[in-house]
Amino acid sequence: MGAAMRRIHVGNALSAFGLGFTVPYLYVYVAQVRGLGAMTAGLVLAVFAVAALIVLPFAGRAIVRRGPLPVLLVALVTAAVGALGLGLSGSAAAVLLSASALGAGQAVMQPALATMIVDCSTMETRSRAFATQFFLQNLGLGVGGLIGGHLVDPTDAGSFTLLFSLEAAMFLLLVVVMATVRMPHSPRITDAPRQSARAGWKELLGNRAMVQLCVLGFVLFFACYGQFESGLSAYGVEAAGISTSALGTALAANTLVIVVAQFAVLRFVERRKRSRVIASVGLIWAVAWAVAGYAGLGNGSQTMATAAFISTYALFGLGEAMLSPTLAPLVADLAPTGMAGQYNSAFALVKQLALAVGPAVGGPLGASLHAPYIVVFLLFSLGITVLAVRLGRQLTEVQNHPSAVRSRVVAQGGAAAGQAPAHA
């Protein structure tokens with residue numbers, strides 16, 4: 001890795017570490033510590049999603065025009081102000097305003113950092129770069145949540161103020177780190193004839209492969225991430241009788257599998273067509289939902305049900321580890337020159353939509369209609385496989401299987417060993 005990429009990865013780790021401090025305890029802080037009630041706490045969580053949906057369409061255009069680094073710095077300062085505001089807020093209005101700032105800043109960080117990775121990597125190194133990003137994000141969230149859990153005291157509002165202040169400090173430290181990054185020159189919209197924002201979105205929507213990838217991405221995030229802390233956890237508690245400690249163990253197992261398996265599966269993923277990797281993830285997740293169904297049947301012992309439920313989260317983690325070096329590089333390879341920021345923001349917008357709709361649908365279904373819940377999301381997982389196969393027909397060889405194209409170029413003497421071939 002070059003110096004720029006190292007700083008970008010440090011930035012990913014620090015931002016995840018800061019978010020891990022507070023995200024698991026946000027509901028308790030607003031509802032109980034500040035005494036604002038469950039309704040306000042629920043609105044705070046909704047504000048995060050709404051703020052992301054509002055700013056992401058504009059973030060992509062800003063990244064394309066100004067570059068990802070200035071946009072990232074603004075997002076970091078905004079998030080720091082929001083985090084500090086949450087720690088000091090005592091009224092519902094102040095809490096909601098601070099949460100919207102934190103949510104907006106957090107949402108814009110994702111496509112900005114992803115675009116920086118694209119600009120600092122080549123087609124040969126991109127999958128490994130995004131795998132490292134995902135690894136560090138999960139590690140940062142896990143470590144941040146662990147440390148935050150030992151710092152907070154539900155009876156002491158000051159401990160939460162300290163926690164949010166530390167989160168704000170992480171974002172400001174990241175501003176200092178990222179301000180030293182020297183980005184390579186990459187084409188911007190300002191280098192080409194000026195076009196309107198509407199024209200940019202029209203061009204994106206005219207890219208049939210990108211539209212299919214966005215549909216596939218919505219189903220992926222809806223059927224997995226959108227269920228982790230809502231429908232699947234409700235199903236585990238209500239149908240399988242899983243204790244809260246076992247639920248925490250399942251979430252830890254998910255993170256552990258990602259951390260352990262990420263680089264182990266990377267070589268396997270890099271050598272195969274991206275569409276087939278995504279299709280395989282759909283099958284793995286279908287097995288995961290089947291195992292969750294077994295946990296809720298009640299035919300075995302409670303120990304067996306708990307083990308099956310933990311295995312479900314572990315299988316989801318395996319699928320996530322396969323997706324991290326696949327989805328983001330594919331988005332980058334589908335983007336025309338200079339448009340990576342807009343494409344990354346569009347995909348992040350799809351993810352936020354799925355994360356907003358997923359809990360709203362899965363939560364009530366998982367808590368009350370146990371068998372239909374498992375069947376519906378098992379079918380969604382199989383749908384991922386079908387959509388991935390269809391997407392593969394829209395991709396060029398270099399988009400779907402770049403390692404095979406590179407191997408042929410080197411074998412034919414088109415590029416010397418170790419020399420990166422030109423982008424298609």
Side-chain angles (χ1 to χ4, degrees), residues 8 11-12 14-16 18-19 46-83 97-120 130 133-134 137 171-172 174-175 178-179 181 183 186-192 194-205 207 210-211 213-214 217-218 221 225 327-332 334-357:
I8 292 168
N12 275 301
L14 285 176
S15 63
L19 290 171
V47 159
F48 273 90
V50 172
L53 295 177
I54 291 174
V55 300
L56 279 172
F58 303 99
R61 192 67 181 170
I63 292 170
V64 168
R65 286 204 164 276
R66 305 297 179 188
L69 183 55
V71 175
L72 175 63
L73 296 179
V74 172
L76 288 169
V77 173
T78 303
V81 171
L97 185 62
S98 299
S100 63
L102 179 57
Q106 176 189 346
V108 175
M109 286 181 213
Q110 299 175 30
L113 284 167
T115 306
M116 291 176 73
I117 290 176
V118 172
D119 289 347
C120 292
F130 277 106
Q133 178 200 33
F134 191 67
Q137 281 179 340
F171 291 136
L172 294 178
L174 186 50
V175 170
M178 300 310 290
V181 174
M183 294 293 296
S186 57
R188 303 285 170 222
I189 270 304
T190 52
D191 300 333
R194 190 175 183 88
Q195 65 180 108
S196 66
R198 182 178 297 178
W201 280 102
K202 184 178 180 180
E203 180 181 347
L204 188 151
L205 294 174
N207 188 330
M210 183 60 189
V211 171
L213 180 59
C214 286
F218 180 88
F221 294 121
Y225 298 93
L327 284 178
L330 180 54
V331 173
L334 287 173
T337 301
M339 293 289 289
Q342 181 126 19
Y343 275 58
N344 282 324
S345 294
F347 200 71
L349 179 63
V350 168
K351 179 179 179 180
Q352 288 296 330
L353 281 170
L355 294 180
V357 176

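Values in this document were obtained by computation on a predicted structure and should not be read as measured data.
Annotation: the span from Thr115 atom OG1 to Asn344 atom CG amounts to 4.0 Å, rounded to 0.5 Å. The CD atom of Gln110 lies 11.5 Å from the CZ atom of Phe347; values are rounded to the nearest 0.5 Å.
Between Leu56 and Pro111 the shortest heavy-atom distance is CD2-CG, 3.9 Å. When all heavy atoms are compared, the tightest approach of Val175 to Leu73 is O-CD2, 3.8 Å. Among all heavy-atom pairs drawn from Phe218 and Val350, the shortest one is N-CG1, 3.5 Å. Val55 and Val108 make their closest contact through CG2-CG2, 3.7 Å (heavy atoms, listed as atom of the first residue, atom of the second, distance). Looking at every heavy atom in both residues, Ala79 comes nearest to Met109 through CB-CE, 3.5 Å. For the residue pair Ser345 and Ile63, the shortest heavy atom distance occurs at OG-CD1, 4.0 Å.
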Given side chain to side chain contact (heavy atoms under 4.5 Å, CB included), test Met178 with Leu113 step by step and report yes or no. CA-CA 10 Å; Met178 300 310 290; Leu113 284 167; 4.2 Å; yes
Passes side chain to side chain contact (heavy atoms under 4.5 Å, CB included), Leu102 versus Val47? Steps please. CA-CA 10 Å; Leu102 179 57; Val47 159; over 6 Å; no
Verdict with reasoning, Gln137 to Phe134, per side chain to side chain contact (heavy atoms under 4.5 Å, CB included): CA-CA 5 Å; Gln137 281 179 340; Phe134 191 67; 4.2 Å; yes
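With sequence neighbours left out, the side-chain contact (heavy atoms from CB on, under 4.5 Å) criterion links Leu97 to Ser100. For Gln133, the side-chain hydrogen bond (donor to acceptor under 3.5 Å, both in side chains) criterion is met by Asn12, not counting sequence neighbours.
Residues Leu14 and Phe171 have side chains not in contact (no heavy-atom distance under 4.5 Å, counting atoms from C-beta outward). With contacts defined as side-chain heavy-atom distances shorter than 4.5 Å, the pair Val331/Met210 qualifies.
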